[in-house]
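Worksheet: one structure, shown below.
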Amino acid sequence: MRTMAATFSYPASTYFVRCCSMRENHDQVNHQMNSSIRTNGSFRSPVKVESLSQTASTITTLGQAVTIGENGLRQNIPTKKQLVDPHRQGLIIEGGVGYRQTVVIRSYEVGADKTATLESILNLLQETALNHVWMSGLLSDGFGATHGMVRNNLIWVVSRMQVLIDYYPIWGEVVEIDTWVGASGKNGMRRDWLIRSQATGHIFARATSTWVMMNRKTRRLSKMPEEVRAEVSPWFIEKQAIKEDVQEKIVKLDKEAKYMNSDLKPKRSDLDMNQHVNNVKYVRWMLETIPDQILEEHQLSGITLEYRRECGSSDIVQSLCEPEEDEILHGVVEPDYCTNLLNGLSSDIINGSGVLTCLEKRPLRYTHLLQTKGEKQNDEIVRGRTTWKRKISTMPFST
């Protein structure tokens, strides 16, 4: 490890940044500080930046000239399509339109059981989607918005999302996340994901989502302008991670819901770059209404979200939750669901497991609703459905 030093001069003062190894003594460090920087075997003069608010300047770093703008000082957003991104371990796939990123599950992304949390998985889906747009060369200064979208004051908003999880990655595991986009109607876009183990190739999770455009100023939904369609449509492919013939409707809950958590207030850290509450926060509010016993003995295997409106920093939120197992025991659910349930349990009942044991093994389902609390009425934010299965006691795919 070599000693590196650099000075950054600002209008009012000068800051010194130093990184040194334990092998080199104090005198060697002082000598380099007073002369030049040695990087990759060559000497360079310290880099000076006159002001962080400068509109544009050029510096030399590691032998490469980098143009720096006021907003792109450290981002360096590509203006042309990139095939490989070594910094993010990403590459373009699917004939030049899909994206794959290799990720290591970090310690802060796992829970007490050393498996990735649902929030971490959702964050990885969001990150890979944005990196896909980054690699395309279409990204402007918005939150995943293209140049045409910025010119038309448009942003992306998710209207529906579904995630199915068979297994959760473990701490330190290397996973590959594939994502791609396709058309959804005339004015929407579909984005799908696959998460797999790099070591075994087993699919951990699948996800799909539908996105529409909203005017940044009026906060109203908008049609897709032709210039935006021309930007994104070349990236569309006909491929689905989750195939749904008919989307199952999520019923709206009311004040009679079994579980309720009121007076939830968004924090400043809950807001994203579009100035509304991030959808990962919605999931956290939903899961807080699930009974502790269910959380301890089960893990989420599926979640579906239907977004109705955005949530701002000043909103007061109420989270409602209703279990569906009571409806099953009382025979209120659809006949097809009961038939499929009994067919799935029949072999276990014949083998002597008993009805109660079989019912205990079946997945649990909960219906959710997040709404803002108003003086006259409550407005829906998002409806949801979660499916839970018993936690796996042994590690999957072990040898």
Side-chain angles (χ1 to χ4, degrees), residues 71 108 117-127 129-130 133 139-146 149-163 187-189 191 209-223 250-290 303-322 366-386:
N71 295 328
Y108 55 81
T117 63
L118 176 64
E119 291 182 33
S120 296
I121 290 177
L122 294 177
N123 281 326
L124 288 173
L125 298 183
Q126 176 177 283
E127 181 66 14
L130 289 172
V133 183
L139 182 66
S140 187
D141 60 353
F143 195 34
T146 67
M149 292 176 64
V150 171
R151 285 191 290 268
N152 288 273
N153 290 317
L154 297 175
I155 59 176
W156 287 114
V157 291
V158 59
S159 62
R160 190 177 189 274
M161 188 168 191
Q162 182 182 14
V163 183
N187 296 295
M189 183 180 74
R191 176 173 287 279
S209 59
T210 304
W211 298 76
V212 293
M213 293 184 181
M214 183 173 73
N215 188 286
R216 183 191 297 272
K217 295 181 178 180
T218 65
R219 315 309 283 187
R220 294 179 180 273
L221 296 183
S222 171
K223 293 183 178 180
I250 302 178
V251 299
K252 180 182 178 180
L253 300 181
D254 54 30
K255 62 181 180 180
E256 303 299 326
K258 187 173 183 179
Y259 304 108
M260 183 181 301
N261 194 354
S262 300
D263 300 325
L264 299 170
K265 298 180 180 180
K267 300 177 182 178
R268 185 178 298 273
S269 59
D270 297 329
L271 302 181
D272 61 23
M273 288 184 275
N274 286 330
Q275 300 303 312
H276 57 214
V277 175
N278 189 279
N279 62 70
V280 177
K281 181 63 178 181
Y282 295 155
V283 174
R284 186 183 307 172
W285 282 336
M286 285 183 174
L287 299 189
E288 287 176 353
T289 59
I290 299 290
I303 183 170
T304 302
L305 302 169
E306 295 179 354
Y307 297 89
R308 306 291 176 170
R309 67 182 296 271
E310 60 181 338
C311 176
S313 58
S314 61
D315 290 327
I316 306 298
V317 179
Q318 188 177 57
S319 179
L320 308 177
C321 175
E322 180 70 24
Y366 289 85
T367 302
H368 303 264
L369 173 66
L370 292 182
Q371 60 185 8
T372 58
K373 295 177 62 178
E375 295 182 359
K376 296 183 178 180
Q377 66 177 19
N378 299 328
D379 293 326
E380 289 184 81
I381 302 174
V382 56
R383 297 184 190 183
R385 177 184 291 110
T386 56

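The side-chain hydrogen bond (donor to acceptor under 3.5 Å, both in side chains) test applied to Asp254 returns no partner, not counting sequence neighbours. Partners of Ser222 according to the side-chain contact (heavy atoms from CB on, under 4.5 Å) rule, which considers only residues two or more places apart in sequence or in another chain, are Leu154. In terms of the side-chain hydrogen bond (donor to acceptor under 3.5 Å, both in side chains) criterion, residue partners of Arg160 (sequence neighbours excluded) are, by chain and number, Glu244, Gln247. Qualifying side-chain contact (heavy atoms from CB on, under 4.5 Å) partners for Met214, counting only residues two or more places apart in sequence or in other chains: Ile155, Val157, Arg219, Leu221, Glu310. With sequence neighbours left out, the side-chain hydrogen bond (donor to acceptor under 3.5 Å, both in side chains) criterion links Glu380 to Arg383. Remark: Glu288 pairs with no residue by the salt bridge (charged side-chain N to carboxylate O under 4.0 Å, His left out) rule, at least two apart or across chains. The side-chain contact (heavy atoms from CB on, under 4.5 Å) test applied to Thr372 returns Arg309, Asp315, Asp379, Ile381, not counting sequence neighbours. In this view, Asp272 and Phe143, Asn274, His276, Asn278 satisfy the side-chain contact (heavy atoms from CB on, under 4.5 Å) rule, not counting sequence neighbours. Considering only residues two or more places apart in sequence or on other chains, Asn378 meets the side-chain hydrogen bond (donor to acceptor under 3.5 Å, both in side chains) condition with none of them.
Rounded to the nearest 0.5 angstrom, Glu256 CD and Glu322 CD are separated by 9.5 Å. Taking OH of Tyr259 as the start and OG of Ser319 as the end, the distance is 13.0 Å to the nearest 0.5 Å. Atom OG1 of residue Thr117 and atom CG of residue Leu122 lie 8.5 Å apart, to the nearest 0.5 angstrom. Distance NZ/Lys258 to OG1/Thr367: 13.0 Å, rounded to 0.5 Å. Taking CG from Asn153 and CZ from Arg216, the interatomic distance works out to 7.0 Å, rounded to the nearest 0.5 Å. With values rounded to the nearest 0.5 angstrom, Arg268 atom CZ is found 7.5 Å from Ser313 atom OG.
Summarising the geometry of Gly144 relative to Val133, their closest heavy-atom pair is O-CG1, 3.9 Å, with the distance given to 0.1 Å. Cys321 and Thr289 get closest at one heavy-atom pair: CB-OG1, 3.2 Å. Across all their heavy atoms, Leu253 and Leu369 have their closest contact at O-CD2, 3.4 Å.
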Taking distance alone, no hydrogens or angles, what donor-acceptor pairs closer than 3.5 Å link side-chain atoms of residues 260-267 to residues at least two apart or in another chain?
unit_1 : atom_1 : unit_2 : atom_2 : d
Ser262 : OG     : Gln318 : NE2    : 3.0
Asp263 : OD1    : Lys373 : NZ     : 3.0

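Residues Met149 and Trp156 have side chains in contact (heavy-atom distance under 4.5 Å, counting atoms from C-beta outward). With a 4.5 Å cut-off on side-chain heavy atoms, Val212 and Asn187 do not count as touching. Looking at heavy atoms from C-beta onward, Leu271 lies in side-chain contact with Val277 at the 4.5 angstrom threshold. At least one side-chain heavy atom of Met161 sits under 4.5 Å from a side-chain heavy atom of Leu125. The side-chain heavy atoms of Asn279 and Val158, taken from C-beta on, include a pair separated by under 4.5 Å.
Between the side chain of Thr210 and the main chain of Ser159, no donor-acceptor pair closer than 3.5 Å is present. Checked by atom type and distance alone, the side chain of Tyr282 pairs as donor or acceptor with a backbone atom of Cys311 at under 3.5 Å.
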- I would like to know whether Val283 and Thr386 meet side chain to side chain contact (heavy atoms under 4.5 Å, CB included); could you show each step before the answer? CA-CA 10 Å; Val283 174; Thr386 56; over 6 Å; no

- Message: Leu305 vs Met286, test: side chain to side chain contact (heavy atoms under 4.5 Å, CB included). Steps then yes/no.
- Response: CA-CA 10 Å; Leu305 302 169; Met286 285 183 174; 3.6 Å; yes

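Residue pairs meeting the salt bridge (charged side-chain N to carboxylate O under 4.0 Å, His left out) criterion with at least one partner in residues 274-284, sequence neighbours excluded, are Glu119-Arg284, Asp270-Lys281.
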